[in-house]
Amino acid sequence: MEKRIYYVNLNPISMDDISPVKIPDSSLIQYEIEATEEELEKMDFLLNETQDHDLDSQNLFTFRHFDESIAENDRYEYQAGMDKVIQMIYDLGTAETKQKIEEIHMINDEEKRNMKPPR
């Protein structure tokens with residue numbers, strides 16, 4: 001299968017955006033990837049799954065957010081989803097994208113060490 005260039009948008013509000021063209025907006029967080037149609041579908045699924053978890057209606061319309069153990073578990077699950085997204089972007093990324101992610105990874109290592117697994 002032929003690989004094509006795509007741009008993955010990781011903005012929290014619209015992170016399910018994958019575009020065949022780079023959007024000229026300096027406020028967007030976009031990563032350039034090279035993907036087949038199948039890889040693109042997997043990336044799209046991961047992005048939607050992660051964003052859907054973050055916007056899960058059971059968390060929005062209940063008092064679950066007052067229970068710190070549930071909130072901590074939700075944060076952990078969301079971070080696990082983001083880790084999968086970042087890993088896939090890295091795997092499919094261009095050399096520039098891989099370099100950007102490696103730079104960010106150094107920053108996020110401390111945060112990951114402080115995260116606790118769900119109970």
Side-chain angles (χ1 to χ4, degrees):
M1 284 190 180
E2 181 183 340
K3 289 192 175 218
R4 294 185 172 179
I5 297 288
Y6 296 96
Y7 297 88
V8 180
N9 173 5
L10 285 189
N11 285 344
I13 295 171
S14 62
M15 94 162 101
D16 59 344
D17 264 359
I18 300 175
S19 172
V21 294
K22 189 169 187 172
I23 300 167
D25 184 345
S26 62
S27 67
L28 292 178
I29 303 167
Q30 298 177 83
Y31 294 100
E32 186 177 71
I33 63 169
E34 295 178 286
T36 64
E37 196 65 38
E38 184 179 305
E39 291 166 331
L40 187 63
E41 287 176 16
K42 286 180 184 178
M43 174 62 73
D44 191 46
F45 177 80
L46 271 178
L47 287 169
N48 285 317
E49 184 178 58
T50 301
Q51 186 168 17
D52 287 350
H53 175 75
D54 192 38
L55 300 174
D56 193 346
S57 63
Q58 71 176 346
N59 296 331
L60 294 175
F61 301 113
T62 68
F63 291 102
R64 288 170 47 97
H65 58 281
F66 291 115
D67 185 334
E68 187 55 37
S69 66
I70 291 172
E72 185 176 325
N73 189 47
D74 285 344
R75 284 189 297 271
Y76 182 82
E77 286 181 22
Y78 176 76
Q79 185 59 51
M82 282 303 297
D83 289 346
K84 289 177 186 175
V85 167
I86 295 294
Q87 183 63 54
M88 187 164 191
I89 290 173
Y90 183 85
D91 293 343
L92 299 175
T94 61
E96 181 182 343
T97 295
K98 288 179 192 256
Q99 181 181 359
K100 285 181 186 177
I101 291 175
E102 287 168 1
E103 289 170 4
I104 291 169
H105 182 69
M106 286 185 240
I107 294 169
N108 289 332
D109 274 348
E110 183 64 29
E111 291 175 16
K112 286 182 183 178
R113 279 194 288 272
N114 291 329
M115 296 244 357
K116 298 174 187 171
R119 294 177 234 195

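Ile101 is not listed as a side-chain neighbour of Gln87, based on a closest heavy-atom distance of 4.5 Å or more. Annotation: side chain of Leu10 is in contact with side chain of Ile86 (closest heavy-atom distance under 4.5 Å). The shortest distance between side-chain heavy atoms of Glu39 and Met1 does not fall below 4.5 Å.
For Thr97 against Glu32, the heavy-atom pair with the smallest separation is OG1-O, 2.6 Å.
Note: Lys22 NZ to Tyr7 OH = 6.0 Å, rounded to the nearest 0.5 Å. For the atom pair CG (Asp91) and CD1 (Ile33), the distance works out to 10.5 Å, reported to the nearest 0.5 Å. Summarising the geometry, atom CD belonging to Glu77 is positioned 11.0 Å from atom OG1 belonging to Thr50; distances are rounded to the nearest 0.5 Å. With rounding to the nearest 0.5 Å, the separation of CG in Asn9 from CD1 in Ile29 is 7.5 Å. The CG atom of Leu92 sits 10.5 Å away from the CD1 atom of Ile5 when rounded to the nearest 0.5 Å. The distance from atom CG of Asp44 to atom CD1 of Ile18, rounded to the nearest 0.5 Å, is 4.5 Å.
The pair Lys100-Glu96 counts as a salt bridge, with a side-chain nitrogen and a carboxylate oxygen less than 4.0 angstrom apart.
Transitive grouping of hydrophobic side chains (ILVMFWY, heavy atoms separated by less than 4.5 Å) keeps Leu40 and Phe45 in distinct clusters.
A side-chain donor from one of Gln79 and Asp83 sits under 3.5 Å from a side-chain acceptor of the other.
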Would Met43 and Ile89 count as a side-chain contact (heavy atoms from CB on, under 4.5 Å) here? Give the steps. CA-CA 8 Å; Met43 174 62 73; Ile89 290 173; 3.4 Å; yes

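The number of heavy-atom neighbours closer than 6.0 Å to NZ of Lys84, taken from other residues, nucleotides and ligands shown, is 12 or below.
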